[in-house]
**Student:** 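Supplied in structure tokens, the structure appears directly below.
As the structure lists them, so they are numbered: ligands from 1, and atoms in each ligand from 1. The shown structure was predicted, so the numbers you read here are calculated from the model rather than taken from an experiment.
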Amino acid sequence: MGKLKIGVLALQGDFEAHCKALERVSVQSSEIRTATDLEDLAGLILPGGESTTMLKLLERERLFEPLKQFGRWKPIFGTCAGAILLSREVVHPAQPSLGLMDLTIERNGYGRQIDSQVARIEVGNKTAEAVFIRAPIIRRVGSNVNVLATLDAAPVLVEEGKHLAATFHPELSGSERIHRYFAEKVQHQITCGASLH
Ligand code: GLN
């Protein structure tokens, strides 16, 4: 993917697996811990982890507003806790979020009994393995949201314009398809952004 550089928020959670997945699709990755780290990125991944802890760390590092601004212009891919951060509305319990995607998302939506599961989902006419860990459930999608995959009728992979969100962990499945797809979205954003036509 040429000189594309995609950052991975590295305050908490499984950011290293995302960096490795990006490297496998020949994208340069960069661990992001401060607002200045965002400067030369073409896109950003918000990893899974614990969204409440991430929120506290975002406040402490004064990264909440810079991330919101970043997302106005550049693509963000949120996985699991990252998808929670991207959503407009978080329930169970309610908590602040960046509000960059028109989604209502319920934390730990599968309950405590099902802590984690590996499911087969259909993505673009191909089956894919999806790893769910204390996953949220997307309860509502706005009219501009495109649902790319579902599990038991609930959306699990969605996009809205330049942003992408998964309630599972594509970085743990051994397939880079979804990271490649995000990298293509980032590339597309650059190409369109640069065009004067
Ligand atoms: N349950 C976590 C939360 O609510 C998300 C879990 C994950 O990212 N794997 O933030």
**Student:** Does C80 reach ligand 1 with a nitrogen or oxygen that is under 3.5 Å from one of the ligand's nitrogen or oxygen atoms?
**Tutor:** no
**Student:** Between K185 and E159 (salt bridge meaning N to carboxylate O under 4.0 Å), is one present in this structure?
**Tutor:** yes
**Student:** Any salt bridge between R107 and E50, counting N to O under 4.0 Å?
**Tutor:**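 Counted as a salt bridge, because a side-chain N and a carboxylate O are separated by less than 4.0 Å.
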**Student:** Do T52 and ligand 1 have an N or O pair less than 3.5 Å apart?
**Tutor:** no
**Student:** Please list the nearest protein heavy atom to atom 4 (O) of ligand 1 with its residue and the distance rounded to 0.1 Å.
**Tutor:**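 Of the protein heavy atoms, R107 NE, 2.7 Å lies nearest.
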**Student:** Which of the atoms of ligand 1 are close to S51, meaning less than 4.0 Å from one of its heavy atoms?
**Tutor:** 3 (C), 4 (O), 10 (O)
**Student:** If you count the atoms of ligand 1 from 1 in the order shown, which ones are under 4.0 Å from a heavy atom of I133?
**Tutor:** 6 (C), 7 (C), 9 (N)
**Student:** Would you call M54 a ligand 1 contact, heavy-atom distance under 4.0 Å?
**Tutor:**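 No, M54 has no heavy atom closer than 4.0 Å to ligand 1.
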**Student:** In this structure, are over 12 heavy atoms from other groups packed under 6.0 Å from D152 atom CG?
**Tutor:**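 No, because the 6.0 Å sphere around CG of D152 holds 12 heavy atoms or fewer from other groups.
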**Student:** Out of G78, G49, P136, who is nearest to atom 5 (C) of ligand 1 when you count heavy atoms only?
**Tutor:** G49
**Student:** Under 4.0 Å between a Lys/Arg side-chain N and an Asp/Glu carboxylate O for D115 and R134?
**Tutor:** no
**Student:** State whether the number of non-hydrogen atoms from other residues, nucleotides or ligands found under 6.0 Å of R120 atom CZ is greater than 12.
**Tutor:** yes
**Student:** For G48, take its heavy atoms, then give the atoms of ligand 1 lying under 4.0 Å from any of them.
**Tutor:** 8 (O)
**Student:** Should the heavy atoms of other residues, nucleotides or ligands under 6.0 Å from CD of E31 be counted, would the total exceed 12?
**Tutor:** yes
**Student:** Is it the side chain (CB and beyond), the backbone, both or neither of R134 that lies under 4.0 Å from ligand 1, heavy atoms counted?
**Tutor:** both
**Student:** Using a 3.5 Å cut-off on N or O atoms only, is I84 in polar contact with ligand 1?
**Tutor:** no
**Student:** Taking the side chain as everything from C-beta on, heavy atoms only, tell me whether L41 gets closer than 4.5 Å to F70.
**Tutor:**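 Contact flag for L41/F70 side chains = yes.
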**Student:** Which heavy atom of the protein is the closest neighbour of atom 1 (N) of ligand 1, given with residue, atom name and distance?
**Tutor:** N108 OD1, 2.8 Å
**Student:** With a 4.5 Å heavy-atom cut-off, do V147 and V156 have their side chains touching?
**Tutor:** no
